[in-house]
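What follows is a set of notes on a single structure, which appears directly below.
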Amino acid sequence: MVSAILRDEDIKSINLWITKMRQYKTQDTEWMTKAAVRTLKLDYKIIGYGYERVTYDLQNGYVLKVATSELGLKSNKNEFIIYKYCHAKLKEHLCPIKEVGYGWIIMKKMTIPVPRTEDYDNQLKYLKKRFRQYGVRPKDLVRPNLALTKKGKIVFIDYGDFTLK
């Protein structure tokens, strides 16, 4: 896989990690994240991690999400499929994907938090309903997985657990 953003050494490092990851039999997500970071040795700042992936700031307006488990591999693939095949009216509420490879995905960096207001809570309820109308089942809708565009629209920045019917 060739990337316009990642260096060849980054991709080799990710491939090495994915190979090693498959050899581990632990469900300890913290241990897996630490093992991933030690193996990857990427020159980017870690800005977050969850049960399935670690996220790096590429310092160019994009983030890199690297799988730290089999579930992370599925989440990356799922985000790509949903973004590529969902209805156009939903895409404006999904964080744009720039590139994808085996075990990794690059998305636009979005950092404006969604305020805890009645207006945004109502918008979120409406979006859940709208996504379901178009055959996408949104899951894991917690504040850290949301951001706002500069125009104030809610965007899902982590939709790896969504399902497409």
Side-chain angles (χ1 to χ4, degrees), residues 1-88 90-113 131 136-150 153-164:
M1 171 73 195
V2 177
S3 169
I5 296 176
L6 297 177
R7 300 170 302 212
D8 289 343
E9 351 21 303
D10 296 335
I11 294 173
K12 286 178 187 172
S13 181
I14 294 168
N15 289 339
L16 173 64
W17 162 247
I18 298 303
T19 301
K20 280 188 164 190
M21 176 192 83
R22 292 211 146 136
Q23 296 170 6
Y24 298 127
K25 302 295 180 205
T26 181
Q27 297 297 315
D28 185 339
T29 57
E30 189 174 328
W31 187 91
M32 287 294 279
T33 299
K34 288 178 182 177
V37 170
R38 277 193 312 269
T39 302
L40 289 165
K41 297 179 187 165
L42 297 175
D43 293 332
Y44 310 109
K45 180 182 176 191
I46 296 172
I47 58 171
Y49 64 91
Y51 295 113
E52 313 160 351
R53 303 180 284 186
V54 61
T55 304
Y56 293 88
D57 185 347
L58 298 177
Q59 295 295 313
N60 60 0
Y62 294 98
V63 297
L64 166 67
K65 295 179 183 179
V66 179
T68 57
S69 67
E70 289 291 332
L71 201 50
L73 293 173
K74 290 177 186 173
S75 291
N76 283 348
K77 182 178 178 183
N78 199 40
E79 280 182 337
F80 173 72
I81 288 169
I82 287 173
Y83 187 75
K84 185 171 182 174
Y85 296 108
C86 76
H87 193 280
L90 301 180
K91 253 188 194 162
E92 68 182 350
H93 296 287
L94 296 174
C95 185
I97 294 172
K98 179 72 172 169
E99 290 184 356
V100 66
Y102 188 66
W104 58 273
I105 192 165
I106 295 175
M107 302 174 88
K108 183 176 178 181
K109 182 179 179 185
M110 304 187 81
T111 59
I112 303 170
F131 270 72
V136 178
R137 188 168 162 225
K139 294 184 190 175
D140 203 19
L141 296 180
V142 294
R143 297 277 179 197
N145 293 345
L146 307 171
L148 291 181
T149 66
K150 290 178 182 171
K153 286 188 180 179
I154 294 176
V155 173
F156 301 105
I157 58 174
D158 182 346
Y159 45 98
D161 288 335
F162 286 23
T163 52
L164 188 61

Evaluate the side-chain proximity of Tyr159 to Pro138: yes if any heavy-atom separation is below 4.5 Å, no if none is. no
Qualifying residue, where the test is salt bridge (Lys or Arg N to Asp or Glu O under 4.0 Å) with Glu79 and the options are Arg53, Lys74, Lys84: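 Among the candidates, only Arg53 passes.
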Closest approach of [X] to [Y] (non-hydrogen atoms, all atoms of both residues):
| X | Y | value |
| --- | --- | --- |
| Thr68 | Ala36 | CG2-CB, 3.7 Å |
| Met110 | Val155 | SD-CG1, 3.7 Å |
| Glu99 | Ile5 | OE2-N, 3.6 Å |
| Trp17 | Ala67 | NE1-O, 2.8 Å |
| Lys139 | Asp161 | CD-O, 3.3 Å |
| Cys86 | Val136 | CB-CG2, 4.4 Å |

Atom CZ of Arg137: over 12 foreign heavy atoms under 6.0 Å: no
Residue Tyr49 excluded, over 12 heavy atoms near OH under 6.0 Å: no
Value rounded to 0.5 Å, distance of [atom1] in [X] from [atom2] in [Y]:
| X | Y | atom1 | atom2 | result |
| --- | --- | --- | --- | --- |
| Ile157 | Lys109 | CD1 | NZ | 10.5 Å |
| Tyr51 | Thr33 | OH | OG1 | 10.5 Å |
| Ile112 | Ile154 | CD1 | CD1 | 12.5 Å |
| Asp158 | Leu94 | CG | CG | 11.0 Å |
| Trp104 | Asn15 | CH2 | CG | 9.5 Å |
| Glu52 | Asn78 | CD | CG | 10.0 Å |

Can you list the steps and then say if Ile14 with Tyr102 is a side-chain contact (heavy atoms from CB on, under 4.5 Å)? CA-CA 9 Å; Ile14 294 168; Tyr102 188 66; over 6 Å; no
Short side-chain to backbone donor-acceptor contact, [X] and [Y], under 3.5 Å:
| X | Y | value |
| --- | --- | --- |
| Asp140 | Asn145 | no |
| Lys108 | Gly61 | no |
| Tyr24 | Ser69 | no |

Residue pair Arg22, Leu73: steps toward the side-chain contact (heavy atoms from CB on, under 4.5 Å) verdict: CA-CA 11 Å; Arg22 292 211 146 136; Leu73 293 173; 3.3 Å; yes
Would you call the rings of Phe131 and Phe162 parallel, tilted or perpendicular, taking 30° and 60° as the class edges? perpendicular
Report all side-chain donor-acceptor pairs from residues 37-47 shorter than 3.5 Å, counting only partners two or more places apart or in another chain.
unit_1: Thr39; atom_1: OG1; unit_2: Ala35; atom_2: O; d: 2.9
unit_1: Asp43; atom_1: OD2; unit_2: Arg7; atom_2: NH2; d: 3.4
unit_1: Tyr44; atom_1: OH; unit_2: Asp10; atom_2: OD2; d: 2.5

Quick test of your reading of the model: are Lys34 and Glu30 salt-bridged, counting only N-O distances below 4.0 Å?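 Salt bridge flag = yes for Glu30 with Lys34.
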